Chemist: 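Quick one: the structure is below, questions incoming.
Only a predicted model underlies this, so the values are computations on that prediction, with no experimental measurement involved. So you know, we letter chains A, B, ... as the sequences are listed, proteins then strands, and number each from 1.
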Protein chains: 2
Amino acid sequence: MKSVDDVREAGGADRERAGAAAGTVAGAVPAGKHAGGRRPGETRTREAILDAARACFAERGFDTTSMRRIAEAAEVDQSLVHHFYGTKENLFLQALEVPLKMPQVLAAAAEGGRDGVGERMVRAHLALWDDLSTRPALMTMVRSASVHRVAAARLRETATTILADALGNVVTGEDAVLRSNLIATQLIGLAMMRYIAVLEPLAAADTDTVVRYYGPALQAIVEG
Amino acid sequence: MKSVDDVREAGGADRERAGAAAGTVAGAVPAGKHAGGRRPGETRTREAILDAARACFAERGFDTTSMRRIAEAAEVDQSLVHHFYGTKENLFLQALEVPLKMPQVLAAAAEGGRDGVGERMVRAHLALWDDLSTRPALMTMVRSASVHRVAAARLRETATTILADALGNVVTGEDAVLRSNLIATQLIGLAMMRYIAVLEPLAAADTDTVVRYYGPALQAIVEG
DNA sequence: GTCTATAAATAGATAGAC
DNA sequence: GTCTATCTATTTATAGAC
């Protein structure tokens, strides 16, 4: 598993921020140091639930994942899941939040001109899917896009906004937006077959091999 | 909607065959003409249920589709669905049966040598998805592949057996199987974004345009 | 903040009358 | 072959004790 930079999105709009360090535990917090802020222990449980939800949704999709299962995975009571996130729908929305690093990584890959941009995009995409801090949200999105309206909308949004924006300076000329769509199509297809359908030998192939063969396919569309 | 040849698979193993013409209705059957065969009226209801199931599964996926909903779509009682197909799982299996014409159409597209095979494959694939007699089964397969083991297996099988077989004489040399995987990846990605996620402007683009831009991308992998 | 208990809806599946 | 009625399990979600 390759590791990309450790930039993560703030998450849901109503998510509290940890005071300073990420590893803050209940017992390590100085007494009387939380005026108006969160009470110690709360955030940890809340995040544990969200992480568990992401993992479950990523692995089994929206419908197949029950609130009970998420609670079990987070090792908390079922009612706590509702207490923190209300409905299953809302929890799913939070789990869908795409890590901020995604547009950054893809934009970085699109830099550097037209030459070899196909291979760089494939490599960046694989890096995001092989990174354990970004994979669950991506997997949740793609896996549920077929049956959940919001996940599908998020997928479209990712394909257009993020990808088309990143490729804005690279894919130019006639039908530029359509061609960007087709590049996104190739990348989503790759995720689908390699990580979800687990098609062999593709799923077991190493990154370099995939980049070598698939990069030129993206490049063909970049060139128009 | 373009129409491909009208070859359809026999369906499930336990499916009865219609006597002669497809349009046979109860009243039009000669009396005493069904010794040991099916009783009139049965087949029609049975097929209506299967068609309705395919339509529902195609549109909403496995989990979201209830037996009651299928019964409603077929305009029959719920218990009839169980009567004919037993479990929901079994009905889903029947609905997944990929039309026989699929491998035929793809094999035909692969004929004619390496030149322009990318464009021919894209065009054949789009024809299958735009044909109302094949689309529901394909849609059912791809839409549920993310959450249903059997659908995923069918997708893998389609990608390897059917596609790799068709491309056997075209994709040769180093990593031929992996490259066939990547071609299937592109086609499934296309179906996913154009027909399921409905990404614009891709979904609204006409066939020729998609073929023109996407064909060379497949060709790049064929060439290696 | 965390738990027990349960409401309310819906699912798949079956029995049996006709 | 077709319908009514119902069983059983599971789901999301909430109320309320501590």
Side-chain angles (χ1 to χ4, degrees), chain A residues 14-16 18 24-27 29 34 36-50 52-53 56-57 60-95 144 147-148 150, chain B residues 14-16 18 24-27 29 31 34 36-50 52-53 56-57 60-95 144 147-150:
Chain A
D14 55 343
R15 173 109 66 94
E16 291 99 331
T24 316
V25 199
V29 176
H34 40 79
R38 67 178 175 87
R39 282 168 298 287
E42 179 187 348
T43 295
R44 199 40 231 146
T45 303
R46 198 185 166 91
E47 285 186 354
I49 292 174
L50 183 57
C56 290
F57 285 138
R60 328 219 346 154
F62 179 79
D63 292 310
T64 317
T65 300
S66 69
M67 294 293 261
R68 281 173 169 81
R69 189 183 199 91
I70 293 171
E72 193 180 355
E75 294 182 297
V76 302
D77 191 89
Q78 187 220 158
S79 61
L80 273 187
V81 183
H82 282 105
H83 177 67
F84 282 119
Y85 292 96
T87 67
K88 181 183 180 184
E89 184 77 15
N90 182 56
L91 176 54
F92 183 66
L93 293 191
Q94 310 288 333
S144 296
V147 284
H148 200 290
V150 179
Chain B
D14 54 343
R15 174 107 66 94
E16 292 99 332
T24 316
V25 199
V29 176
H34 39 80
R38 66 174 176 88
R39 282 168 299 287
E42 177 188 348
T43 295
R44 196 42 229 147
T45 303
R46 198 186 166 90
E47 284 187 353
I49 292 173
L50 183 56
C56 290
F57 285 138
R60 329 217 348 150
F62 179 79
D63 291 310
T64 316
T65 300
S66 70
M67 296 292 262
R68 282 172 169 84
R69 189 185 199 91
I70 293 171
E72 194 180 355
E75 293 180 301
V76 302
D77 191 272
Q78 188 220 157
S79 61
L80 273 186
V81 184
H82 282 106
H83 177 67
F84 283 120
Y85 293 97
T87 67
K88 181 182 180 184
E89 185 77 16
N90 182 55
L91 176 54
F92 183 66
L93 293 191
Q94 310 288 332
S144 295
V147 284
H148 200 289
R149 306 168 45 259
V150 179

Chemist: Of the nucleotides D:dT2, C:dT2, C:dG12, which one has an atom closest to the side chain of B:Ser66?
Modeler: C:dG12

Chemist: Does B:Thr45 place a side-chain N or O at less than 4.0 Å from the phosphate oxygens OP1/OP2 of D:dT2?
Modeler: yes

Chemist: Rounding to a whole Å, what distance do you find between B:Asp77:CG and D:dA5:C1'?
Modeler: 11 Å

Chemist: Can you find a pair of side-chain heavy atoms, one from A:Met67 and one from A:Tyr85, that are under 4.5 Å apart?
Modeler: no

Chemist: Take the protein atom CG of A:Leu91 and the nucleotide atom C1' of D:dT11, then report the distance between them rounded to whole Å.
Modeler: 15 Å

Chemist: Contact between B:Asn90 and B:Gln94 at the side-chain level, heavy atoms closer than 4.5 Å - yes or no?
Modeler: yes

Chemist: Send over the distance from A:Glu72 CD to D:dT11 P, rounded to a whole Å.
Modeler: 11 Å

Chemist: Could you give me the CA-CA distance, side-chain angles and deciding distance for B:Glu47 and B:Phe84, then say whether side chain to side chain contact (heavy atoms under 4.5 Å, CB included) is met?
Modeler: CA-CA 10 Å; B:Glu47 284 187 353; B:Phe84 283 120; over 6 Å; no

Chemist: If you look at every strand shown and take non-hydrogen atoms under 4.0 Å, does B:Ser79 touch a base, only sugar-phosphate, or nothing?
Modeler: base

Chemist: So A:Phe92 and A:Thr87, do their side chains get closer than 4.5 Å, heavy atoms only?
Modeler: no

Chemist: Are any of the side-chain heavy atoms of B:Asp63 and A:Val147 separated by less than 4.5 Å?
Modeler: no

Chemist: Figure out the CZ/P separation between B:Phe92 and C:dA13, and round it to whole Å.
Modeler: 14 Å

Chemist: Which of the following nucleotides, C:dA13, C:dG1, D:dT11, is nearest to the side chain of B:Arg68?
Modeler: C:dA13

Chemist: If I take atom NZ in residue B:Lys88 and atom P in nucleotide D:dT10, what distance separates them, rounded to the nearest angstrom?
Modeler: 15 Å

Chemist: Roughly, in whole Å, what's the span from CZ in B:Phe62 to P in C:dG12?
Modeler: 8 Å

Chemist: Atom CZ of B:Arg46 and atom P of D:dT2: how far apart are they, to the nearest Å?
Modeler: 12 Å

Chemist: Is B:Thr65 touching bases, backbone alone, or none of the nucleic acid, heavy atoms closer than 4.0 Å?
Modeler: sugar-phosphate

Chemist: Checking contacts here: which listed nucleotide (C:dT2, D:dT14, C:dA13) is nearest the side-chain heavy atoms of A:His82?
Modeler: D:dT14

Chemist: A:Phe84 has an atom CZ; how far is it from atom P of D:dA13, in whole Å?
Modeler: 17 Å

